[in-house]
Number of protein chains: 2
Amino acid sequence: MTQSDRAIADTVGTDPEHMARIARALSHPARIRILQLLAEQNECKGAEVFSGLPLAQSTISEHLRVLREAGLVSSHPVGTAMTYCLVPERIAAFTDALDFVADAPACDS
Amino acid sequence: MTQSDRAIADTVGTDPEHMARIARALSHPARIRILQLLAEQNECKGAEVFSGLPLAQSTISEHLRVLREAGLVSSHPVGTAMTYCLVPERIAAFTDALDFVADAPACDS
DNA sequence: GCACTTAATCGTCTATCGACGATAAACGAT
DNA sequence: ATCGTTTATCGTCGATAGACGATTAAGTGC
């Protein structure tokens with residue numbers, strides 16, 4: 001890892017606490033599914049998220065809260081409903097931080 | 001996402017269960033620290049991992065087990081000690097899968 | 001064989017997660 | 001104002017995670 005690589009990494013945030021929080025938000029299949037659903041709808045669609053998963057409405061709402069608190073998803077009301085959007089930059093920042101690990105040379109043994 | 005992108009993604013594995021398992025393994029600050037430590041030592045060093053964190057030996061051993069079971073770290077005995085190595089490909093595969101979400105167009109609202 | 005070092009496992013405890021149904025809160029429409 | 005729709009929150013429960021010290025297992029060296 002070069003000096004400038006390190007600088008970029010610091011910008012992006014390699015803080016273990018922070019990275020772990022993001023990973024935690026990603027650590028449930030339903031939440032991955034939600035992100036994939038949102039990624040598929042390039043128009044950030046409302047809460048047919050609720051019908052897209054075999055889980056109770058309250059459960060999905062909770063998953064959305066976790067994703068929102070991690071900054072991976074944003075939401076805003078639209079009439080009586082809600083629109084959920086990906087925040088791709090946050091996910092990209094996380095993968096960037098991880099890449100400094102992924103790009104490490106493999107063990108030579 | 002193009003057709004060929006999708007093919008790559010499938011190869012790499014966008015299965016939510018699988019992705020969530022990897023994220024789960026990454027979801028603890030101590031485990032992130034361990035990966036960073038291993039990435040810094042380009043020679044995959046033994047268990048001065050144990051002295052690198054303010055945690056009991058048994059706790060760190062447990063974290064290493066989680067990382068090993070997720071395939072992110074490998075280990076082999078060297079004399080009476082142990083050598084731990086990153087498996088960068090596994091981490092890369094995970095970030096690749098995530099990038100299909102990270103590369104999604106941002107919400108236009 | 002016996003001591004010594006190192007890592008993994010066990011047992012226990014507390015804290016957090018994830019699921020659900022029920023309820024509340026916000027809003028639009030009539 | 002009331003009703004229906006949509007989402008968030010609450011309360012509860014069982015399951016899992018994470019920490020630790022103690023113990024076991026594996027390997028080296030005498």
Side-chain angles (χ1 to χ4, degrees), chain A residues 16-38 41 43-86 107 109, chain B residues 16-35 37-38 41 43-87 107 109:
Chain A
E17 301 274 354
H18 180 251
M19 291 180 67
R21 264 197 300 276
I22 305 295
R24 184 85 199 58
L26 297 172
S27 72
H28 194 288
R31 292 197 286 265
I32 296 285
R33 268 316 283 141
I34 289 172
L35 293 180
Q36 289 175 343
L37 279 174
L38 293 178
Q41 329 257 340
E43 184 71 88
C44 39
K45 300 289 290 302
E48 66 265 53
V49 181
F50 288 125
S51 54
L53 295 173
L55 290 169
Q57 175 269 327
S58 58
T59 303
I60 297 177
S61 178
E62 172 71 3
H63 284 308
L64 283 166
R65 189 186 61 75
V66 171
L67 290 170
R68 234 182 303 118
E69 287 185 354
L72 302 178
V73 161
S74 68
S75 63
H76 66 274
V78 77
T80 174
M82 215 64 173
T83 303
Y84 302 98
C85 309
L86 280 185
C107 167
S109 79
Chain B
E17 301 274 356
H18 180 250
M19 291 181 66
R21 265 196 300 274
I22 304 295
R24 184 87 200 55
L26 296 172
S27 72
H28 194 289
R31 292 196 285 266
I32 297 285
R33 268 315 283 141
I34 290 172
L35 293 180
L37 279 174
L38 294 179
Q41 330 256 341
E43 183 70 88
C44 38
K45 299 289 292 302
E48 68 265 52
V49 181
F50 287 125
S51 55
L53 295 173
L55 290 170
Q57 176 267 327
S58 58
T59 304
I60 298 178
S61 178
E62 172 71 2
H63 284 307
L64 283 166
R65 189 186 61 76
V66 171
L67 291 170
R68 234 181 303 118
E69 287 185 354
L72 303 178
V73 162
S74 68
S75 63
H76 65 274
V78 77
T80 174
M82 216 64 172
T83 302
Y84 301 98
C85 308
L86 280 185
V87 184
C107 166
S109 80

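What you see is a predicted model; the values in this text were computed from it and never measured. So that the names make sense, note that chain A is the first sequence line, chain B the second, and so on, each numbered from 1.
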Exercise for review: Please figure out whether B:S27 or B:P77 has its closest DNA chain D nucleotide nearer the 5' end.
Suggested key: B:S27
Output a table of nitrogen or oxygen pairs between the protein and nucleotides 10-17 of chain D separated by less than 3.5 Å.
residue, atom, partner, partner atom, Å
D:dA17, O3', B:R24, NH2, 2.8

**Study point:** Exercise: identify the closest heavy-atom pair between A:A25 and A:A70
**Key:** CB-CB, 3.5 Å
Practice item. Among the candidates C:dC27, C:dT9, C:dT5, find the nucleotide nearest to the side-chain atoms of A:T80. Key: C:dC27
Revision key, fill the gap. So the salt bridge (Lys or Arg N to Asp or Glu O under 4.0 Å) pairs with at least one residue in residues 16-28 of chain B (sequence neighbours excluded) are none
Check your understanding: Does D:dA8 have OP1 or OP2 sitting under 4.0 Å from an N or O in the side chain of A:Y84?
Key -> yes
Practice item. For the pair A:F50 and A:Y84, name the ring-plane relationship: parallel under 30°, tilted 30 to 60°, perpendicular over 60°. Key: perpendicular
**Study point:** Nearest to side-chain heavy atoms of A:A56, which nucleotide of C:dC20, C:dA7, D:dC20
**Key:** C:dC20
Exercise for review: Please state how far atom CZ in B:R33 lies from atom P in D:dG18, giving the value in whole angstrom units.
Suggested key: 18 Å
Check your understanding: Hey, mind stepping through B:L35 and B:L26 against side chain to side chain contact (heavy atoms under 4.5 Å, CB included) and telling me if it holds?
Key -> CA-CA 9 Å; B:L35 293 180; B:L26 296 172; 3.4 Å; yes
Practice item. Just call it for B:L55: base, sugar-phosphate, or nothing, with non-hydrogen atoms closer than 4.0 Å on any strand. Key: sugar-phosphate
Check your understanding: CG of B:L53 versus P of D:dG18: gap in Å, rounded?
Key -> 14 Å
Review point. Quick one: is A:T59 getting a side-chain N or O under 4.0 Å of the C:dG18 phosphate, OP1 or OP2?
Key: no
Review point. Whole-Å distance between D:dA19 P and B:R65 CZ?
Key: 13 Å
Check your understanding: Below 4.0 angstrom from OP1 or OP2 of D:dA8, is there any side-chain N or O of A:R68?
Key -> yes
Point to revise | Among C:dA8, D:dA8, C:dA19, the nucleotide that comes nearest once only the side chain of A:M82 is considered | key: D:dA8
Point to revise | Base D:dA8 to side chain A:Q57, donor-acceptor N/O within 3.5 Å cut-off | key: yes
Exercise for review: May I have the distance from B:L26 (atom CG) to D:dG18 (atom P), rounded to whole angstrom?
Suggested key: 12 Å
Point to revise | Verdict with supporting geometry, A:H63 and A:L55, side chain to side chain contact (heavy atoms under 4.5 Å, CB included) | key: CA-CA 10 Å; A:H63 284 308; A:L55 290 169; 4.3 Å; yes
